[in-house]
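Input: a single structure, listed below in C-alpha cells.
Counting begins at 1 with the first residue of the sequence.
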Amino acid sequence: MTIRKLHQVGLLTLFVSLLTLAANAQSFMVQCPATTTLHKTPATTANPVGGSIKCQQISGGDGLATMADGTQTYLFSFGPLSGLNDIAAGLPGTQSQSVFMTPFDPNASPGDPASNGAVGLVSDTDGVTIQVPDPSNPTGPTISQSVCPPGAAVATDGSGRSCYTGHVDPRAIMDVGVMNGNIPAPMMAIDEDDEYFLTLTNVGMIMRPDLFEQHTVHFHGYPNASSFYDGVPDASVAINIGGSFTYYYLAPDAGTYFWHCHITPPEHLQMGMVGQLYVRPRQNRTAAGTSLLANWNSQQANLRTASNCATDILCSAPKPAASTANRVNNKSGVPTLYAYNDGDGSTAYDVEYPLQIHGFDPNFHFVGMTFNPEGFADMKDKYFLLNGRSYPDTVNTTGYQDGSLGGGNSAFVGQPLSSTAMYTQDVDGVQRPSQPLNAVVNIPAGGRALLRISDLDVSEYQTLASLGIPMHVIALNARLLRDTAGNNLAYDSNSITLAGGESLDVILDASDTTKYSAGQTYYLYTPQLDHLSNDAENFGGLMTEVHICNSVDPASKACN
C-alpha cells in the first residue's frame, strides 16, 4: 500500500512539474532552415547541387503496443512529433522544409501538406502587417498582409498566426509526446545529397517516473562524417529529460539503414527503441530516356558524389561492366525507381516495402515497467515481429483484430476514422497508432517489389523464406553486391538470414506473367518453427503475405 501511494505521489509530482514547466517555459527552436550554404535556394526551385532540405521531429519516451495474441506490451520507444498523419498511415515522417513548416491540421488526410507540419508551431510576434492591393479587386480597398522575417514561413490556414520560424510551444510537445511510442520507431526516408535536420525531444517516461533515462539517435552503419551527431554518448551528446537536440546529416550513400538509441543499447533496443531509415539514390533524378551509365559517369566528375571505387573497395556504387539502359516508366506509368546508383538498371523496382525484424521478451518488458535492473542474461524472445506486428496482424489493414476501425483521438494524432493503422489503448484511455506499419507486400503483375529488410533483434538470428517467388538479393548492409570490376554479384535464394545489426535489399520479381498472375498469394515467413508463434500460441510470429495484383496504388500501395 505504501509503495503504491508513493508511486501515485511521484506521478502527481511529475505531472505538476511538467505542467508548471510548460506554463512558464518559453518556446524553443526546432531547426529546419529554408536555405543553407549547400542549398541556397528553397526546395521548390531547381537546385544544381541536388537534394534538398528535409526535417523531422521525434520524441523519446515510452508507450504501449498490442501483440497479436492481445497482450499489451510496455515500450521504451520513439514517437512522432511531426508528419503525424503520414506516420499513422505507415508512411515516412520525413518532410521537406516547406511542408515541415506548414501549420498542422488534424483533419487533413495523409499526404496532404497540412497534415504534416511540426507539432505546436506557433506564431512569433515579430511579423509586420502592412496594407497591400487586393489581387482579386485591384481597384478596391487594400487588404492586410503579413510580412515575415527572413527564414520564416507565411501561414495560410486563416488561424491568425502569421510567421513560422520553428519556435515550438513545449506544452504541445508534452501533450503529443507522452505515451506516444511507436514500434518500429518513426520511419525516415531521405534522398542522396539531402541535408537532414532531425530533432529529438526527450519527454520522459510516464510509466517509470523514477528513471532519468537519456536518449540519443544513432544511424547504424551510416557513413556519418561527424561523431558529434553519431549518437554514441562517449563521442557525442545524450539528451536529458525535458531537453531537445537537433542532429544534422548530409545524406551520402543510397541504401537501407536503421537507427536506434545508443544509451544502454541492449536494454533500449530490446524495449523497442529501433527504427527504419533508407536513402534513395541520385539515379532517381535521372531524366526519363537518359542513359543511366551516362548519369553514373557524371556523378564521378564531382568529388562529393564520386564513388571512388578505384581506391575504395567498400565503395557503394561500383561502375557496371557494361550498360545501355535508359530510365523508362514502370508498371504504374511513372519513371522507374532504383534502390542504388547501379548505372545499368539492375536495381529497378515498382513498389518498395520496409520490413524491420524484431523480437520481444515479455518478461523483460514487464520488469522494465516495474523495476530495475532487468535480467539481461536471461533475455529470451517470445514474440517475433515484422514492423512491430506478428501474423496475422502483419496483414491487418483495418485496425483491430476483429476488423473494426480504430478511430483514435483525431486531436492527438490527426488521423481520420478511415485509418489503416493498428491502435492501442493507452493508460489514459486514448487510442494511439503505436504499430502503424503493416507488412503486406503487394506486387503489380509483371512488376518487381523491393524489400528493405533490417534486423535489430538483440538476442536471436532471424531467417525469412520466400517459396514461389525467389529472393533476388542485391545489397548487404547498404552496399551493392558488385565487385570493383563491375561484375554483378547479386544472387537468388529461397531464404535469407540476418543477425542483429544487419540489413539486406531483396527484390521479389514477378515480371514473368506466365508464372505470376493477379489473384495469387504467396507467403514470406520464417522456417524457424519456434519463431512462428506469439508467446505460447502456435500461430503468428514472422510471417506475412505477398499478393500479386492487377495494379498497385502508388500512394497507398493498396492492391487493385
Distance, nearest 0.5 Å, that separates OG of S454 from CG of D505: 10.0 Å

Donor-acceptor under 3.5 Å (N442 side chain, K557 main chain): yes

Pairing residues for R280 by the salt bridge (charged side-chain N to carboxylate O under 4.0 Å, His left out) criterion, not counting sequence neighbours: D191

Side-chain (D457) to main-chain (I357) donor-acceptor, under 3.5 angstrom: no

Member of N438, N387, L451, V440 meeting the side-chain contact (heavy atoms from CB on, under 4.5 Å) criterion with Y353: L451

Contact check, side chains of F100 and K54, non-hydrogen atoms, under 4.5 Å: no

Non-hydrogen atoms of D62 and R208 that approach each other most closely: OD2-N, 4.3 Å

Flag if over 12 foreign heavy atoms under 6.0 Å of CZ, F376: yes

Derivation and outcome, ring pair (Phe, Tyr, Trp, His ring centres under 6.0 Å), residues Y229 and Y222: CA-CA 11 Å; Y229 296 113; Y222 193 82; over 10 Å; no

Test item: side-chain donor near acceptor, D230 and S236, under 3.5 Å: no

Closest contact, heavy atoms only, S503 versus T256: OG-O, 2.9 Å

F76 side, atom CZ; M207 side, atom CE - distance, nearest 0.5 Å: 11.0 Å

Main-chain N/O of V217 paired with Y247 side-chain donor or acceptor, under 3.5 Å: yes

Short side-chain to backbone donor-acceptor contact, Q283 and D342, under 3.5 Å: yes

Heavy-atom donor-acceptor pair, T199 side chain to T246 backbone, under 3.5 Å: no

Given T216, I239, N240, the one that forms side-chain contact (heavy atoms from CB on, under 4.5 Å) with N202: I239

CE on M205 to CD on E213, rounded to 0.5 Å: 5.0 Å

Pair F197-Y248, ring pair (Phe, Tyr, Trp, His ring centres under 6.0 Å): steps then yes or no: CA-CA 5 Å; F197 294 82; Y248 170 83; 5.2 Å; yes

Sub-4.5 Å side-chain heavy-atom contact between Q270 and D381: yes

Expected output: side-chain Q435 to main-chain T66 donor-acceptor under 3.5 Å: yes

Pair S244-T201, side-chain hydrogen bond (donor to acceptor under 3.5 Å, both in side chains): steps then yes or no: CA-CA 4 Å; S244 291; T201 300; 2.7 Å; yes

Test item: N295 side-chain N/O and T286 main-chain N/O as donor-acceptor pair under 3.5 Å: no

Nearest heavy atoms of Q214 and I263, plus distance in Å: O-CG1, 3.5 Å

Side-chain donor/acceptor of E352 to backbone N/O of L450, under 3.5 Å: no

E502 side chain near D455 side chain, heavy-atom distance below 4.5 Å: no

Identified ring-ring contact (aromatic ring centres under 6.0 Å, His included) partner of H260 from the options H220, H268, H215: H220

Smallest separation among heavy atoms of A439 and L386, with atom names: CB-CB, 4.1 Å

Main-chain N/O of N284 paired with R327 side-chain donor or acceptor, under 3.5 Å: yes

Minimum-distance pair of heavy atoms, taken over all atoms of D194 and S52: OD1-N, 2.8 Å

Check: W296 main-chain N/O paired with N341 side-chain donor or acceptor under 3.5 Å: no

Atom of S459, atom of M379 and distance for their closest heavy-atom approach: CB-SD, 4.5 Å

Euclidean distance, L476 CG relative to L504 CG, rounded to 0.5 Å: 5.5 Å

Between CG on residue L437 and CZ on residue R389, distance to nearest 0.5 Å: 7.5 Å

Sub-4.5 Å side-chain heavy-atom contact between T73 and I183: no

Parallel, tilted or perpendicular, as decided by the 30° and 60° cut-offs, for the rings of F360 and H365: tilted

Rounded distance [0.5 Å steps], CG in N180 versus OG in S77: 8.0 Å

